[in-house]
Amino acid sequence: MRIAQALTIAGSDNGGGAGIQADLKTFQELSVYGMTVITAIAAQNTTGVQGVFPISYEGIAQQLDSTGDDFKPNAVKTGMLYSTEIIQLVAEKWRHYEWSNLVIDPVMVAKGGAPLLQQQAIQTLITELIPHARITTPNIPEAELLTGMSIRNLSDREEAARRLVQMGSTYALIKGGHDTGGMIVDVFYDGRSFHYLENIRIVTPHTHGTGCTYSAAITAELAKGSSVLAAVTTARAFIQAAIEDELGIGAGHGPTNHFAYQRRQRGER
Ligand SMILES: Nc1ncnc2c1ncn2[C@@H]1O[C@H](COP(=O)(O)OP(=O)(O)OP(=O)(O)O)[C@@H](O)[C@H]1O
Ligand SMILES: Cc1ncc(CO)c(N)n1
C-alpha cells in the first residue's frame with residue numbers, strides 16, 4: 001500500500017488543539033501519513049499561552065535534514081516559524097530537498113494575543129518563503145500585515161489575495177474567521193478568478209487551532225493529489241464539522257473536534 005505523506009513544520013501545542021498536534025490529528029483523519037519538524041515548544045492551554053521556547057537552529061536544521069534525507073513528503077505545511085533565522089533555514093532546505101506543495105499558514109499571533117512570530121520576521125516570510133508557496137492561508141490580521149493594507153470588506157480581501165499571488169504564492173486563501181458577520185466568507189484566488197467559501201458562523205468559544213486544522217486539511221488533500229480548490233473545499237467541510245461538533249474541553253477557547261468530519265462520512269452522526 002502506498003500512502004500519501006505530509007510534513008508539518010510548526011510549533012507544539014501541549015493542549016493538542018493547535019500546532020503540530022492539530023496537524024498530525026488532521027493528517028491521520030484524512031488518511032495521510034504525518035511527519036513533523038518542531039520549531040518551538042509553546043506552553044499553552046485553552047486560557048492562553050504561558051510560554052514560548054524556540055528549538056535551537058541546529059535542532060531544527062537536523063530535523064529537516066533527517067526528514068529530507070530519508071522521506072519524500074507529497075506536501076509540506078508551515079505553521080509557527082517564530083523567527084527570521086528559522087524562516088531562512090526552512091526556505092534553504094525547501095530548495096535543497098526540492099519538496100513540493102508548500103502550504104503556508106502564516107501564524108503570527110495566538111487567539112489570546114501572544115506573539116508566535118517575531119515582528120521583523122514578517123518581511124523574511126514575504127521574500128524567502130511565500131514565493132515557494134502553492135497556497136498561503138492568512139486570517140484577516142495576518143493578511144493585513146503581509147500586504148500592508150487594511151482589510152474592511154470583501155473587495156479588500158480580494159485585493160489582499162491578489163497581492164499575495166503577486167508575491168509569488170500560486171494560490172491565496174484569505175480566511176474570514178475574524179470577521180464579525182453571521183456568515184464567514186473565505187476568499188480563494190487562483191491568480192485569475194475568485195471563489196468564495198461561505199458558511200454560517202457557529203457561535204462557540206471553541207475555536208482554538210481552527211487555522212492550523214484548516215491548513216493541515218488542505219495539505220493532506222494536496223498530498224493525496226487533489227487540485228488546490230478541491231483541497232480547500234474538503235478542508236472547509238472538515239473545519240466546519242470540527243467546530244460544529246464541539247468537544248467542550250478546557251475552561252477557555254477549547255480545541256475543535258478532529259474526529260467529526262470522518263464520523264459524519266461514516267454516518268455516525
Ligand atoms: N465560529 C466559526 N464558525 C464557522 N467557521 C469558523 C469559525 N471560526 C473559524 N472558522 C473557520 O475556520 C477558518 C480559520 O479560522 P480563523 O480565521 O479564525 O483562523 P486563525 O485565526 O488562523 O485560527 P487559529 O489562529 O486559532 O489557528 C475560518 O476561515 C473559517 O473558515
Ligand atoms: C504552536 C501553535 N501554533 C499555532 C497556534 C495558533 O492557533 C497556536 N496557538 N500554537
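Just so you know, ligand 1 is whichever comes first in the structure, and atom 1 is the first atom listed for that ligand. Everything numeric here is computed off the predicted structure, so don't read it as measured data. The first residue in the sequence is number 1, and the count goes up from there.
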Geometric cation-pi criterion, Arg263 with Phe259: 6.0 Å, 45°: yes

Give the atom numbers and elements of ligand 1 that come within less than 4.0 Å of a heavy atom of Gln240. 4 (C), 5 (N)

Contact partition for Ile243 relative to ligand 1, non-hydrogen atoms under 4.0 Å: side chain

How far is atom 3 (N) of ligand 1 from its nearest protein heavy atom, and which residue and atom name does that atom have? Ile202 N, 2.9 Å

Heavy atoms only: which of Gly79, Pro141, Gly177, Ala18 is nearest to atom 28 (C) of ligand 1? Gly177

If you measure every N or O of Tyr214 against every N or O of ligand 1, does any of those distances drop under 3.5 Å? no

Numbering the atoms of ligand 2 from 1, which are under 4.0 Å from a heavy atom of His208? 9 (N)

Taking only non-hydrogen atoms of Cys212 and a 4.0 Å limit, the atoms of ligand 1 in range are 27 (O)

After noting the C-alpha distance and the side-chain angles of Arg201 and Asp179, does the key distance pass the salt bridge (Lys or Arg N to Asp or Glu O under 4.0 Å) rule? CA-CA 10 Å; Arg201 174 183 298 281; Asp179 204 356; 5.8 Å; no

Check the orientation of Phe238 and His258. Use parallel for under 30°, tilted for 30 to 60°, and perpendicular for over 60°. tilted

Give the atom numbers and elements of ligand 1 that come within less than 4.0 Å of a heavy atom of Asn139. 17 (O), 20 (P), 21 (O), 22 (O)

Counting heavy atoms only, which of Gly19, Gly15, Ser12 comes nearest to atom 3 (N) of ligand 2? Gly19

Quick check on contacts: which atoms of ligand 1 are under 4.0 angstrom from a heavy atom of Arg201? 1 (N), 3 (N)

Near His178 (heavy-atom distance under 4.0 Å), the atoms of ligand 1 are 16 (P), 17 (O), 18 (O), 21 (O)

Thr207 heavy atoms within 4.0 Å reach ligand 1 at atoms 26 (O)

With heavy atoms only and a cut-off of under 4.0 Å, state how Ile200 meets ligand 1: side chain, backbone, both or neither. backbone

Note: ligand 2 atoms sitting under 4.0 Å from heavy atoms of Val107 are 4 (C)

What part of Thr210, side chain, backbone, both or neither, has a heavy atom within less than 4.0 angstrom of ligand 1? both

List the closest protein heavy-atom neighbour of atom 29 (O) of ligand 1: residue, atom name, distance to the nearest 0.1 Å. Asp186 OD1, 2.8 Å

Should you measure from each heavy atom of Gly209, which atoms of ligand 1 turn up under 4.0 Å away? 26 (O), 27 (O)

The test is salt bridge (Lys or Arg N to Asp or Glu O under 4.0 Å); show your working for Glu98 and Lys72 and say whether it passes. CA-CA 9 Å; Glu98 300 179 336; Lys72 294 265 172 291; over 6 Å; no

Could you list the atoms of ligand 2 found under 4.0 angstrom from a heavy atom of Gln44? 1 (C), 2 (C), 8 (C), 9 (N), 10 (N)

Nearest heavy atoms of Pro106 and Leu125, plus distance in Å: CB-CD2, 3.8 Å

Between ligand 2 and Cys212, can you find any atom pair, the residue atom being a heavy atom, that is separated by under 4.0 Å? yes

I need the contact type for Leu116 against ligand 2. Using non-hydrogen atoms and a strict under-4.0 Å cut-off, is it side chain, backbone, both or neither? side chain

Whether Asn199 lies under 4.0 Å from ligand 1, heavy atom: no

